[in-house]
2 protein chains.
Amino acid sequence: MTPQDDTALPETSAPAPEEEAARHASARSARASALTEDYVEIIADLLEREGEARPTDIARRLGVAHATAIKTIARLKRDGLARARPYRGVFLTDRGWDMARKMKARHQTVVAFLLALGVPAEVAEVDAEGIEHHVSDATLAAFERFLAQAARGDGR
Amino acid sequence: MTPQDDTALPETSAPAPEEEAARHASARSARASALTEDYVEIIADLLEREGEARPTDIARRLGVAHATAIKTIARLKRDGLARARPYRGVFLTDRGWDMARKMKARHQTVVAFLLALGVPAEVAEVDAEGIEHHVSDATLAAFERFLAQAARGDGR
DNA sequence: GGTTTAATGTAGCCAAGGCAACACTTCGCG
DNA sequence: CGCGAAGTGTTGCCTTGGCTACATTAAACC
Ligand SMILES: [Mn+2]
Ligand SMILES: [Mn+2]
Ligand SMILES: [Mn+2]
Ligand SMILES: [Mn+2]
């Protein structure tokens, strides 16, 4: 049932298996960090806007049960991104604030970029929520370049 | 410790919590489908290139242990995307082929788009592997519009 | 101040997606 | 044909990230 003869000859362009594996590993890693990044971003926003970040509010903004949020917050504490004491709300460590700032900037850039491309606002917000976690520094820079150019009226 | 007086007044622009929750729910759902989509895309590629898709080859391309691949393939079967009998390789159902075609097109478009934006090739490949799962039809169309315009020499 | 209500925390359950270790087929080669 | 190597499948274990149900604490209201 093999197409041609015996010695496997690649028709178009064989992918280097190691590199492809590395790409998928990177994507898996980014996927694993995505939830953490969203939590930290939301906590920072609540702290700045409301002065406090309560588990219930975090859960409501993420659309999950409060028990889920509390468990995830425990992981943030374990990983040195947040601090919290019972019934006293959630706070960010320096590392947490760093991540939050980075993610806020990334989020805004990705949304602005999609809007500039002509994506409808609601769709842009939804897609950005996922895309932001897979945008490397190089790609983010490319997005910003595009935005700067678009701001200059599409000229050069 | 609340910033101002008592009635919580939002300084900049308060996010509608329901809509934000819906956005995060969409992102979670896309994240959950990502792995399935990559498996199906790889299986289709192996079937087309080599005439067969063996669990070990699938695992190698994804960079996971073969036991992991076999377990995931069982889920694909359960979900009506693949068929497989012991020691006889993996095949796709019609639904599997549909998904594979869609993901292949999406993958190629995202990579081409990032390249057109000036992202280095290796980075584009890595980022695309994650981004492709969060690109809605509307955003994909915007990417294609941009590519078509770029092909026309940046004119109109 | 006491009581109701809301928030918080805990426990136990589940599915997905990883892994290593071991057992069993199948394939290729002499 | 037989045997060793490669591929395959199974088992058991783990973490993450969901949920519900229940207990407990704090806040709000009368
Ligand atoms: Mn996000
Ligand atoms: Mn975000
Ligand atoms: Mn992918
Ligand atoms: Mn892909």
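Worth knowing before you read on, the calculation uses all heavy atoms, side chains too, and leaves out hydrogens, waters and symmetry mates. Chain letters run A, B, ... following the sequence lines, proteins first and then strands; every chain starts at 1.
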Between atom [atom1] in [X] and atom [atom2] in [N], what is the gap in whole Å?
X	N	atom1	atom2	answer
A:Leu46	C:dA7	CG	P	14 Å
A:Arg31	D:dG18	CZ	P	14 Å
A:Ile73	C:dT10	CD1	P	12 Å
A:Leu35	C:dG17	CG	P	15 Å
A:Leu76	D:dT16	CG	P	11 Å
A:Arg78	D:dT15	CZ	P	9 Å
B:Leu62	C:dG17	CG	P	12 Å

Donor-acceptor under 3.5 Å (A:Thr109 side chain, A:Ala105 main chain):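 Yes, the answer is positive, given that a donor and an acceptor are paired below the 3.5 Å cut-off.
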Is A:Thr68 reaching over with its side chain to a backbone N or O of A:Val64, donor-acceptor style, under 3.5 angstrom?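 Not at all, since once roles are kept as given, no pair shorter than 3.5 Å links the two residues.
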Would you say B:Arg28 reaches D:dG17's phosphate, i.e. side-chain N/O to OP1/OP2 under 4.0 Å?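 So the side-chain polar atoms of B:Arg28 never come under 4.0 Å of the phosphate oxygens OP1 or OP2 of D:dG17.
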side-chain N/O B:Thr68 vs C:dG17 OP1/OP2, d < 4.0 Å: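 Checking C:dG17 against B:Thr68, no side-chain N or O comes under 4.0 Å of OP1 or OP2.
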Salt-bridged, B:Arg95 to B:Asp98, with N to O below 4.0 Å?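 No, no charged N to carboxylate O under 4.0 Å.
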Can you tell whether the side chains of A:Lys102 and A:Asp137 come within less than 4.0 Å, N to carboxylate O?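 No, no charged N to carboxylate O under 4.0 Å.
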Within the 4.0 Å heavy-atom criterion, would you say B:Ala65 contacts the bases, only the backbone, or no part of the nucleic acid?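 B:Ala65: backbone/sugar contact only, no base atoms under 4.0 Å.
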Does any part of the side chain of A:Gln108, heavy atoms only, come nearer than 4.5 Å to the side chain of A:Lys104, both counted from C-beta?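 Yes, their side chains come closer than 4.5 Å.
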Summarise protein proximity over nucleotides 4-14 of chain D in one line of letters, 5' to 3': B for base, S for sugar-phosphate only, - for none, counting protein heavy atoms closer than 4.0 Å. ---BBBB--B-
Among A:Arg60, A:Arg61, A:Glu125, which residue satisfies the side chain to side chain contact (heavy atoms under 4.5 Å, CB included) criterion with B:Glu20?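 Of the listed residues A:Arg60, A:Arg61, A:Glu125, the side chain to side chain contact (heavy atoms under 4.5 Å, CB included) partner of B:Glu20 is A:Arg61.
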